[in-house]
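First up is the structure itself, then whatever we jot down about it.
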Amino acid sequence: MDYFFTEEQKMIQELARQIAEEKVVPVRAELDEKEEFPHEIMQVLAQSDMFGIFIPEEYGGLGMGSLELCIAVEELSRACLGVSTSYAANALGTYPILLFGTEEQKKRYLPDIASGKRLVAFALTEANAGSDAAGIQTTAKKDGDYYILNGTKQWITNGGEAEIYTVIAMTDPSRGARGASAFIVEKGTEGFSFGKKEKKMGIRASVTRELIFDNCRVPKENLLGREGMGFIVAMKTLDQSRVGVGAQGVGVAQGALEEAIRFARQRVQFGKPVISFQAVQHMLADMATLTEAARALVYSVARYVDSGAKDISKPSAMAKVFATDVAMKVTTDAVQVMGGSGYMREYPVEKMMRDAKILQIYEGTNQIQRNVIGQELIKEAARKG
Amino acid sequence: MKIVVCIKQVPDTAEVRINPETNTLVRDGVPSIINPYDLHALEAALQIKEKIGGTVTAITMGPPQAEDALREAIAMGVDDAVLLTDRAFAGSDTWATAYTLARAVSRIGYDLILCGKQAIDGDTAQVGPEMAEFLDIPHIAYVKAIDDINDRVIRVKRMMEEGYDVVEADLPVLLTVVKEINEPRLPSLKGKMRAKKAEIRRLGFKDLETDEHLVGLQGSPTQVKNIFAPEMKKDRKVLKGTPEEVVEQLITVLKEMKCL
């Protein structure tokens, strides 16, 4: 399919694919096995300007948008979801600054983010606050020119590796979600340390870690937006980034589909390559159709986000839920098409299947996405009366 | 520091096809790339620039489509690029190519010239050192590391069959580099965008102010008469058994062949 990309968009696709094939594919099994953060790949991505894609030119970026970021994410995900998670989580952590930062905050942080010099992480989740973001227990108490942060964030992607953290904490716990605020916290700030490193089922080339705030003093100029806006900052950030998770789904599905086709052409049973059997062809046909449908939806929604539209919650939830459910199905079916070989670590599809599962869970479970879509449907119907 | 990197566009295939009538490379339908060794020369140049400053110019001699190789070099980060192209240069052997390139880099100006150790299509490894001879400057071939460089002197490690030599030379100097020297960077998005719009300087025969009989086919003391793939001999025999049995069999066979 031709999605009529511009010259620049094709350039991003071509370069991201080159990086994926030359730098990621040869090491992905090892990174997975050793649960190793891909430092070298991150450096290559930095040198190639990949971190600057969605950052405005005045801050050293390329001034592009969501679609261009999705193109890069899709290509990296086709090779390894662990690597693409480390890359995409950087964008997730950056959106609060991009969307709500003051001119001063943008000038201070965005150039280093665009160049890939400093990695970013987004810290919302806690032991008792996942899908229910209002359950946040980390507090931020104003003390003169500082806020004092106390609490523990859990399952933070890029935790420990990132230099910059956008953190949601309660400035007024009595007000629930309306009492949350967003802060920029730099690695090395006194009272800010890292805890448990998680052992995961998949995306093992990405690091997932606890953040511990123990009387951590954050300068008041690091508040993003105003006090009490934390929940809005988080929701707008997730609205913006969700389509990127969809792009991850498209990428891993595409990768699995290609592996399955390659294998099915070579594997001979009953005297014929297994791809000549209709049962296999029909599986591959469904996998290809679903992947293409997911891609079309992700690109459309990314273009809609880039148009500056305000009502992106529903479409971005749709892109996330559909593309990631597709990713789970396609990667699982790729293992099935490849049979015993698919189940073995010698081939990459079992990793793709393990990796794909997280897409249905992180950045809002697919059940929460359906809630978002459902609530929007109710609102729309109510408006029409 | 003015660094010039000589690059060559080569067909992207290990199986180079040859036109049996003209005995030249068939380029149609084969994607072209920058000669892999030249990527290492480009990387070395960019690293020197990052370390001590200066400019990097890439130059290639070839047909007009060799411009693509220069645009790739710009995407990697070189400052500007020169395409040496003219019908008069057609049919150059390594001597004429080295002469032509030498004339061109003299016009451009240089403190340091970097080349890959050889091209993967011709495999001669001659053009770099020959250029240095035409320019009457020192050259160091098979460089595997640049240990030190300043405005006047360079110190490098030259790969030898066993170990390496440490060689020092005054600038200007020409180096040819081996793969061990570095890992070439990939292009960057900003570089690719700049490459798309960049103007490639062109130099032709007239710009070099030289004689016709010194360039192209006329200036080439060697000519390719015939290129052919070695015939595959298919009468192979695999001896099987324990090592002792195999040795016995081998002796018998060699005696039959009158080799023993």
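Letters A, B, ... are given to chains in the order of the sequence lines, protein chains preceding strands, and every chain is numbered from 1. None of these values were measured; they are calculated from a predicted model. Quick note: numbers below take in every heavy atom, side chains included, and nothing from hydrogens, waters or symmetry partners.
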May I ask you to check whether A:Y59 and A:Y109 place their ring centres under 6.0 Å from each other? no

Does [X] pair with [Y] as a salt bridge, N-O distance under 4.0 Å?
X: A:E58; Y: A:K107; result: no
X: B:D86; Y: B:R202; result: no
X: B:K192; Y: A:E14; result: yes

Checking an interface table here. Which of residues 177-188 of chain B come within a heavy-atom distance under 4.5 Å of chain A? B:E183, B:R185, B:L186, B:P187, B:S188

In residues 137-160 of chain B, which residues are in contact with chain A at a heavy-atom separation under 4.5 Å? none

Classify the angle between the aromatic ring planes of A:F54 and A:Y95 as parallel (below 30°), tilted (30 to 60°) or perpendicular (above 60°). tilted

Measure A:I53 against the heavy atoms of chain B and call it side chain, backbone, both or neither at under 4.5 Å. side chain

Using the side chain to side chain donor-acceptor pair (under 3.5 Å) rule, collect all pairs that involve residues 294-304 of chain A, keeping only residues at least two apart or in two chains. A:E74-A:R295, A:E74-A:Y299, A:Q254-A:R295, A:E292-A:R295, A:Y304-A:D311

Could you state the interatomic distance from CD1 (A:I12) to OG (A:S48), rounded to the nearest 0.5 Å? 11.5 Å

Who pairs with B:D68 by salt bridge (Lys or Arg N to Asp or Glu O under 4.0 Å), at least two apart in sequence or on another chain? none

Short side-chain to backbone donor-acceptor contact, B:R107 and B:D207, under 3.5 Å: yes

Tell me, do A:V250 and A:S77 make a side-chain contact under 4.5 Å, heavy atoms counted? no

